Colleague: 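Take this structure, written in structure tokens, and hold onto it; I'll ask about it next.
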Amino acid sequence: MIFLLQKTLIFTIPLLIVALAGVFAERSGIINIALDGIMIFGAFVGALGALLLRGNPFFVDHNQLTFILAMLIAAAAGGLFSLLLSFSAIKLKADQTIGGTALNMLAPAIALFIIKVFFSKDMLEMQMAPDSTGKMTDFGFVILNDDLGPVGSVFFDKAYISTFICVALFVVLSILIYKTKTGHHLRACGEHPHAAASVGINVNRMRYLGTTVSGCLAGLGGYVYIATVANGTASGAVAGMGFLALAIMIFGNWKPLGIALGSLLFGFLKCLGVIYSQISIPINGQDVYFLRDLDLPMYFYNLIPYVAVLVVLAFTSKRSRAPKAEGIPYDKSARESR
Amino acid sequence: MDNNAAAERNIRTDIPYAIEMSHITKEFPGIIANDDITLQLRRGEIHALLGENGAGKSTLMSVLFGLYQPEKGKIFKDGKEVKINNPNDANELGIGMVHQHFKLVEVFSVLDNIILGTEPTKMGFVSEKAARKRVMELSNSYGLNVDPDALVEDITVGMQQRTEILKMLYRNNNILIFDEPTAVLTPQEIAELIQIIKGLAREGKSILFISHKLTEIMEVADRCTVLRKGKYVGTVNIADTTKEELSNMMVGRDVKFVVDKEEAKPSDVVFEVDHLTVKSKIHKKNAVNDVSFKVRRGEIVCIAGIDGNGQSELVYAITGLEKPEPGSKIVLDGEDVTKKSVRYRNTHGMSHIPEDRHKHGLVLDYTLEQNTVLQRYFEKEFQKSGFIRFGRVREYSELLIDKYDIRSGMGPVTIVKNMSGGNQQKIIIGREMDREHDLLIAVQPTRGLDVGAIEFIHENIVALRDSGKAVLLVSLELEEVMNLSDRILVMYEGEIVGELDPRKTNPQELGLYMSGAKRDKAGADHAEGGERQ
């Protein structure tokens, strides 16, 4: 049970942070369908950063610091990459869905190209690397705490530092978007940019801000995903987590609380697909691996989260309410239609 | 009289104008939108700005707000020249505006909307306590009743407007511009608004009231500046003028306020609605409940009522936009069309001027000429083996432009989105009246239009009737109902509660029916077995 919850949390975190990334862009009025692409790009640059940092002897023995720095690098890369989207959407007034799709296609192409040309590999691996004595060892990002009670172990044993950072970020940013002046202005721009402009708010600036924050979070989420879920391999793919996060954002009605709920739900389902064979319940003092014993193909479990997305969205999208002006380029001289 | 008004309103003629726009000229490619216009607003006065659609009112206001820079002319505030480069400059000079389409964020509360952009903060967080107190004070002292915590999407249009007014007052604006403020209000709300505006003027605010409704201008304004086709016509004291003179200044000729029409000579029935029931999408009751009536050739039947009493749903069902409940029957030219498609009805004698021209009347991103053949592009005249005959379409649109005086920047190839509302409406009017039809359904055909255009449309509708067509008019404007119709059916809560003869009734009686205070016994002659309730 503890194992299941630990794993669920690990899957939940990237979804949580990337779905929040979606909220920042869309609440400012820009559809960010490029979450997946930005995740890939952030993951790739983050992994690259981590490996380069390891080239410096100091970082070889400071794994947690390396990890945090790589997160920052990934966030910065995501933010920069998202400028492509915001520039095309805001300055060039391009169709945002198409712009986002272009980013989704561009990101894996860049990542794979560089990995193949400069590393002659199919993926970047940062889980194992030589330590100061030259021996290959585990990067050791995991924080181990064996002697905690059952509740404590869920959160603090075999945990990643990114989990705490992301949860803290999520809480802080959620408060920011609802309680501060900037958050207020940002949301107004996604709902009624002309109203915002008429009281002196710079709509374009707010939209750049929203999309850039979104890019940073998605890049960060991408790195966290490969470092924690995908065994530290950056390969130009994040298994559709970006699209899953997009669906969670819609499911959560563009609100932090709904997103937290959705991330937990889908994190659980996603994790089920990976570890179903290791789930056991004790019956008569014996561990029974009931899911493994069902003898269903593993693809069945892998499928669950995506089928669940379809079902859940079919039932919830009717009452979901997207920011009213999202996807519409802001044109200050346009006649408003009613 | 003028002196009395001035004393009551506390108009200051001894100090420089609160705002003076002097000899403003603003050109756009191919058109002079403002040609040497002067507007002088005194402190504490209510100054009306009158002009037809496209006369240059909006452009002038955009200049005042810094959205456009004029080619010539100067702006003075309290006698000092000012430069207004963007809306923020205007805000800082204390100029505020209630736009025709409210600039409110629907999912924000009233209070959040009022303080948007100037939120007071404490340690970086928005602090609403002081703002709330201030808003409530303003609300009480000016009689602007609002619920600060309600979401804007949940409140009435009237309260939304009061929110907009509070937004200006919260920012300490003392020059208040109202752009067509009454277009969206009910008669009661209009009366209330006029009191509010007069109260604001008494407090020393200077008010610009943009409108083309002469009755209101006569009631509320002290002076009136008239524009026509981008040119300054003159400024008059309301006390020294008449409605007729104002409309003459605005249109450039005398305008008839009463429609000239002969006695109706109704002949055979063209259209019949039988026990029509439509479910509501908002509440549990039926939006239209067991409604039956007939329309004959050569008569104008008007459905009157306060907005939201089932008129929209009735029209949706008749035109095929919405499905009625089983048992309903709609008969056009003797044929049951209840289950026919919209196109079938269109091509078999039904013309429809829709209530919402943007939603159901036009494709806003198409050109003018494309919009004129929206229901006809597939006909032989405009199509040959699957390809549109663009030459014919062009010719036809030019014909309509000419006949219905549709004004636009680039003629047939103008994108409709960029045209003024009045001219958009004229495209629809022209298209629907020109099409082969026996029945015209006109829903608020003159909404948002100026007197010249209204007169034109009314004359056309009467001419249509005289040529033997049937007209079903749905209108919220009492004046229009009384003026135009040959027979009035009043709708209240989805039912027809009375049939009236406009020659034998008066607005007061009509109002009683419309508010549900009075009702006939189930419209005796048009619905059999009218056992209701």
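Naming convention: chains lettered A, B, ... in sequence-line order (proteins, then strands); numbering from 1 in each chain. As the structure is a prediction and not an experimental result, all values here were calculated from the model.
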Colleague: Inspect the surroundings of NZ in A:Lys181 and state if more than 12 heavy atoms from other residues, nucleotides or ligands are less than 6.0 Å away.
Modeller: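 Above 12, so yes.
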Colleague: What pair of heavy atoms forms the shortest contact from B:Lys167 to A:Val199, and how long is it?
Modeller: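 Nearest heavy atoms, B:Lys167 then A:Val199: CE-CG1, 3.7 Å.
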Colleague: Go through the atoms of B:Arg171 and report whether side chain, backbone, both or neither lie under 4.5 Å from a heavy atom of chain A.
Modeller: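 Interface part for B:Arg171: side chain.
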Colleague: With a sphere of 6.0 Å drawn around NZ of A:Lys93, does it hold more than 12 non-hydrogen atoms of other residues, nucleotides or ligands?
Modeller: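 Yes, because the 6.0 Å sphere around NZ of A:Lys93 holds more than 12 heavy atoms from other groups.
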Colleague: Can you tell me if NZ on A:Lys324 sees more than 12 non-hydrogen neighbours from other groups inside 6.0 Å?
Modeller: no
Colleague: Locate the shortest heavy-atom distance separating B:Leu116 from A:His185; write the atom from each residue and the value.
Modeller: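 Closest heavy-atom pair between B:Leu116 and A:His185: CD1-CD2, 4.1 Å.
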Colleague: Is B:Tyr366 atom OH crowded by more than 12 heavy atoms from other residues, nucleotides or ligands, each under 6.0 Å away?
Modeller: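 It does not: B:Tyr366 OH has 12 such atoms or fewer within range.
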Colleague: State whether the number of non-hydrogen atoms from other residues, nucleotides or ligands found under 6.0 Å of A:Leu92 atom CG is greater than 12.
Modeller: yes
Colleague: Which atoms of B:Asn86 are under 4.5 Å from chain A, going by heavy atoms: the side chain, the backbone, both sets, or neither?
Modeller: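 It is neither, since no heavy atom gets under 4.5 Å.
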Colleague: Quick check on B:Glu119 against chain A: is it the side chain, the backbone, both or neither that has a heavy atom closer than 4.5 Å?
Modeller: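 Answer is both: backbone and side chain atoms of B:Glu119 are under 4.5 Å from chain A.
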Colleague: Which atoms of B:Phe108 come close to chain A, meaning under 4.5 Å heavy atom to heavy atom: side chain ones, backbone ones, both, or neither?
Modeller: side chain
Colleague: Measure distances from B:Glu153 to the heavy atoms of chain A and classify the residue's part below 4.5 Å as side chain, backbone, both or neither.
Modeller: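 Just the side chain, heavy atoms under 4.5 Å.
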Colleague: Between A:Arg321 and chain B, with a heavy-atom cut-off of 4.5 Å, which part of the residue counts as in contact: side chain, backbone, both or neither?
Modeller: side chain
Colleague: Against A:His192, only a single residue in B:Leu104, B:Val105, B:Asn113 fulfils side chain to side chain contact (heavy atoms under 4.5 Å, CB included); can you say which?
Modeller: B:Val105
